Amino acid sequence: MAMVTSQDADDISMETEDYSHGNGDSPSCDEADTTTTQQSQGSSPVSNRVELLHNGLKPQQIHVDAPISDDSSEMIIPVSDNDTESSSTEAHDKRVSTIPDQVFQDNVRIPSPPLSLKESLGLVGALSIIAGYVGILALLGFLSFLWYGYGPSAEAADATYVWRQIAIGDWMTQVITLCALALRITISLQSTVCTSMIAALVLEKRFVRRYNVAYLSVLRSINDGPRKLVEVMLHSGVAILKYLEFWLALFMVLTTLALQFTSTILLSDLNDFAIAGNVNRTQVPSLMVYGPEDWDFRLSSGGFFSRMPVYQMFAEAPSESNALPDPKGLSSTGLIQRGFLPLADSESRVSLRRFDGNIMTMNSKVACMRPILDAHYITYDSDSGATYRFVRGLLKTDSSLQDAGASGTASCDTSECEDLYFECSIPFSLNRVGSWESMPCLVGGVGGSFWGIDLFPKWDSSFEPWSPNSTIQLIFTSNMRRTDWDTLPREGSMGTSNPYYEWQSFEPIPGRHINVTVCFSAFNLARKSVLITAQNVLREPSTNWSLTSVRYDTSDVQKFMGVSVPHQPFGERGLLSMDIIGEPDDGPPDSPAHKVVTLNGKHRVENHTIADLTTRVLEEIIDYELTISKAANSTVLSCYACEGEAITEHPVLAMLFTSIIAETGRAANAIQSFMTVVSLSWFDAYQSSLGELQWADVVMTKMVRTPGPCSEYGCGGYISVVTLLIIHLVYVAVITFLYVRQVRYSRYDNIWHTISQLVSTELREPLEKANNVGDKVVKSFCKELDDDRVQLGTVLETGRIEVVKLPDNQKIPEPGASRFAKSKRTLGEKKRTGEDSAV
């Protein structure tokens, strides 16, 4: 008897799986001997001619392989003579050895080792798994880049170059679709390989129904995915549910099916996104076109008072202005510099993110203080029968400046800031409202007159707002109602005033007040070279109001103008930031901007360059509008739910003026906002005269389709796909590991061995029957023949790998079969046995 060395014993690798009898008990050694004798004498020749290398036998029932080569590692270790004599007399046909417990350790053949990766999986299979793994991870990383590549700045301004080009070119949909296609192809390739690997694992490790073995064998080499594999495994009985291979295949079917919709799932995350585009060198309106033959310059006023105001986007140089009054009641905006955008439509203005070029800028200052007045009120009866109240008196300009601590500068000496007589209408609210209503009254100009009607500069922005050529206004705000005025005499004194911040407050009736402040305002226009940038998303504001209601809301506009309370930081106002670089870049001396033209007026001849003329004409137009044709003692009805004898303006513009004073108390901010809105409206109309274009570097936003941003819209599609891909990668790794470690007889992408291993004694009858019939016939035939399980094994004597049957004493019970079905099958077997005996 040959002995197994300790080294050989250490190399033995046995995988066992417990297949019990129907009653669930394992056979004893005596039962095993009896069973073996019965198999040798009475079982079919098929069970006596095969040896199984499977995991389901107890050590005393191991079937031993015959040698397939002269290699000592594959040598059969013979058993004792006594054991040999106990077998069948036809020893040359015997292929099953039953080894008693006492000799098991000395009569074990080393099983065939697993095939190498190169042989079992092959180059194609290995590339499909490994390269596919790398490809899926790369695609997953690229998709993550598309979803999260916005960068830290708003509107993806600082995103990477690649991401920006994909987004700006509006290629996100195409790129995501191509990535999804690549994922589906890679997953499909891996799924076919994994299907083959699972089929091989089931054939070599598990016992399956005979009529399914052909499917499984062919699936090891050729398949179109895991669906058929799962179907075949389910037809093998409910016992298959306890095998890991089944659940791996089921997960693969479900995941592969879901990932076929990768493109649809991912594209569900796309949303409209405004991205900052690339710098574009373009031409914008900058200079007026002058033609001597058709030159016509006319001044008009009040035209924009009655129009719906346009709250256009503008640029502003950052400042800390808030017009809070000092202890002496002086409220000043300081220098406010705003730039008018040379863009005609609202969409272009709010899409602007960067502008580097020449634009028209407006420099302005407004200061308000407590007035020193000598005044009384009077009553006027209109032709329609309505009565209105006016305040008439003397404004002591110099005294007011001194009281506010604003005198003593070169901008305003006694001769220039002289006292002014005035007569202004007083607003009163509707009886049912009783709200605070305000109206400005234009008193005159510093120095006793307004601007002269010529095209020369009038005011320098380095001067104070009470310097020559600035405008003086009295602002009245009151909560008096008509019924309150009816209780007072038709004419009387304003009474004693009380200082209140920049206001002088009069109280004709207890609880009812008339507050008045004097304001100085001045502005000029200048073309400048600027750099404009957006700090946030832009939006032109609007007033919420209704023609059928006295309620309205101007908070959106107040925030935009920077006059709201609490005061909003510059970056949160939603407008453009302007950095004034210097004088405009108008090109060489022979450029159109430097062309000199001569204007022949009624009283003088003026010479101007086109660049200067462009500025001076618009400046004069705006001043003429703001000073109401330079008419003193002109009151504007800048309130909505009120009455008064005054020049009317559009209700929306009136709402802004009154609400700023009512909600913040700052008349300087109200005047500043009023000047800005009127100037913007005139500039919008003036752009049609700017026919001379100049170059500028412009960045605009572009509306594109991008995934996310996840923080705003969520990324349900991306998360779903990533989850499915992780599941796919996990089961691919598990299947590959099991396949490489356990497969001994299967070679991926090799067809002949899958056919050759079907040629066996167990499948001879089904193969003959299937020569010219369909699978259903063969399946029915196999069910009638028997219902034994089979798997791949090695024939002891020849060393052939073929389909072998599970021995009778190791058959697996059928939990899903009914007693009737089992009885019917038993009768069929007895009937066939009787027919064979008769033959």
Side-chain angles (χ1 to χ4, degrees), residues 145-146 148-172 175 270-287 310-318 337-362 527-541 560 569-587 680 683-684 687 690 692-709 712:
F145 166 72
L146 294 180
Y148 296 96
Y150 290 85
S153 301
E155 298 174 335
D158 295 328
T160 62
Y161 175 80
V162 174
W163 194 95
R164 282 182 52 80
Q165 296 313 304
I166 293 174
I168 291 174
D170 210 7
W171 298 332
M172 280 291 182
V175 171
L270 293 186
N271 298 285
D272 290 334
F273 178 75
I275 183 174
N278 296 323
V279 177
N280 183 28
R281 185 74 172 169
T282 187
Q283 289 186 311
V284 296
S286 184
L287 298 168
V310 179
Y311 297 128
Q312 297 183 14
M313 180 60 58
F314 58 86
E316 182 175 320
Q337 296 176 299
R338 289 170 172 167
F340 304 155
L341 304 181
L343 304 172
D345 59 282
S346 175
E347 183 178 355
S348 298
R349 291 191 293 266
V350 299
S351 298
L352 184 65
R353 293 299 176 267
R354 188 176 185 274
F355 182 96
D356 187 356
N358 300 332
I359 67 169
M360 187 73 72
T361 64
M362 178 181 182
R527 293 178 61 253
K528 295 290 184 179
S529 174
V530 301
L531 175 61
I532 295 174
T533 56
Q535 298 183 348
N536 214 324
V537 177
L538 306 180
R539 183 180 62 86
E540 294 186 342
F560 182 69
F570 183 85
E572 297 180 8
R573 289 168 52 191
L575 73 165
L576 294 157
S577 176
M578 179 177 67
D579 181 16
I580 298 178
I581 299 174
E583 296 303 313
D585 181 9
D586 287 331
L680 285 170
F683 179 79
D684 185 57
Q687 285 194 75
L690 304 180
E692 194 68 43
L693 307 180
Q694 289 186 327
W695 290 102
D697 293 331
V698 179
V699 174
M700 309 284 285
T701 59
K702 179 180 180 181
M703 194 62 65
V704 296
R705 300 278 290 175
T706 61
E712 183 176 354

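Since this is a predicted model, take the numbers as computed values, not measurements.
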Does a side-chain heavy-atom distance below 4.5 Å link [X] with [Y]?
{"X": "L576", "Y": "M313", "result": "yes"}
{"X": "L538", "Y": "T701", "result": "no"}
{"X": "T706", "Y": "Y150", "result": "yes"}
{"X": "F314", "Y": "L680", "result": "yes"}
{"X": "F340", "Y": "Q312", "result": "no"}
{"X": "L575", "Y": "Q535", "result": "no"}

With V704 as reference, evaluate N271, I275, L270 under the side chain to side chain contact (heavy atoms under 4.5 Å, CB included) test and give the passing residue.
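Exactly one candidate clears the test, I275.
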
Could you pull out the closest heavy-atom pair between [X] and [Y], with the gap in Å?
{"X": "E316", "Y": "R573", "value": "OE1-NH2, 3.0 Å"}
{"X": "P285", "Y": "L690", "value": "CB-O, 3.4 Å"}
{"X": "I359", "Y": "G339", "value": "CD1-CA, 3.7 Å"}
{"X": "N536", "Y": "G571", "value": "ND2-O, 3.7 Å"}
{"X": "A276", "Y": "R353", "value": "CB-CG, 4.4 Å"}
{"X": "L343", "Y": "R349", "value": "O-NH1, 3.3 Å"}

Out of curiosity, [X] [atom1] to [Y] [atom2], how far, rounded to the nearest 0.5 Å?
{"X": "R527", "Y": "E583", "atom1": "CZ", "atom2": "CD", "value": "9.5 Å"}
{"X": "L341", "Y": "D684", "atom1": "CG", "atom2": "CG", "value": "11.0 Å"}
{"X": "D585", "Y": "Q694", "atom1": "CG", "atom2": "CD", "value": "7.5 Å"}
{"X": "M360", "Y": "M362", "atom1": "CE", "atom2": "CE", "value": "11.5 Å"}
{"X": "M172", "Y": "I166", "atom1": "CE", "atom2": "CD1", "value": "5.5 Å"}

Can you list the residues that meet the ring pair (Phe, Tyr, Trp, His ring centres under 6.0 Å) rule with Y311, with sequence neighbours excluded?
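Checked Y311 against ring pair (Phe, Tyr, Trp, His ring centres under 6.0 Å); zero matches.
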
Using side-chain contact (heavy atoms from CB on, under 4.5 Å), reason through Q337 and I580 one step at a time and then give a plain yes or no.
CA-CA 9 Å; Q337 296 176 299; I580 298 178; 3.5 Å; yes

Is the number of heavy atoms from other residues, nucleotides or ligands within 6.0 Å of CD (Q165) greater than 12?
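Yes, the 6.0 Å shell around CD holds more than 12 heavy atoms from other groups.
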
Strictly distance-based, threshold 3.5 Å: is any side-chain N or O of [X] a donor or acceptor partner for the main-chain N or O of [Y]?
{"X": "R338", "Y": "M578", "answer": "no"}
{"X": "K702", "Y": "G277", "answer": "no"}
{"X": "R164", "Y": "A156", "answer": "yes"}

Please identify each residue that fulfils salt bridge (charged side-chain N to carboxylate O under 4.0 Å, His left out) with D356, with sequence neighbours left out.
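Checked D356 against salt bridge (charged side-chain N to carboxylate O under 4.0 Å, His left out); zero matches.
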
How far apart are the C-alpha atoms of N358 and K528, what are their side-chain angles, what is the distance that settles it, and do they pass the side-chain contact (heavy atoms from CB on, under 4.5 Å) test?
CA-CA 5 Å; N358 300 332; K528 295 290 184 179; over 6 Å; no

Below 30° counts as parallel, above 60° as perpendicular, anything between as tilted: where do the rings of F273 and W163 land?
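Rings of F273 and W163: perpendicular, as their planes differ by over 60°.
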
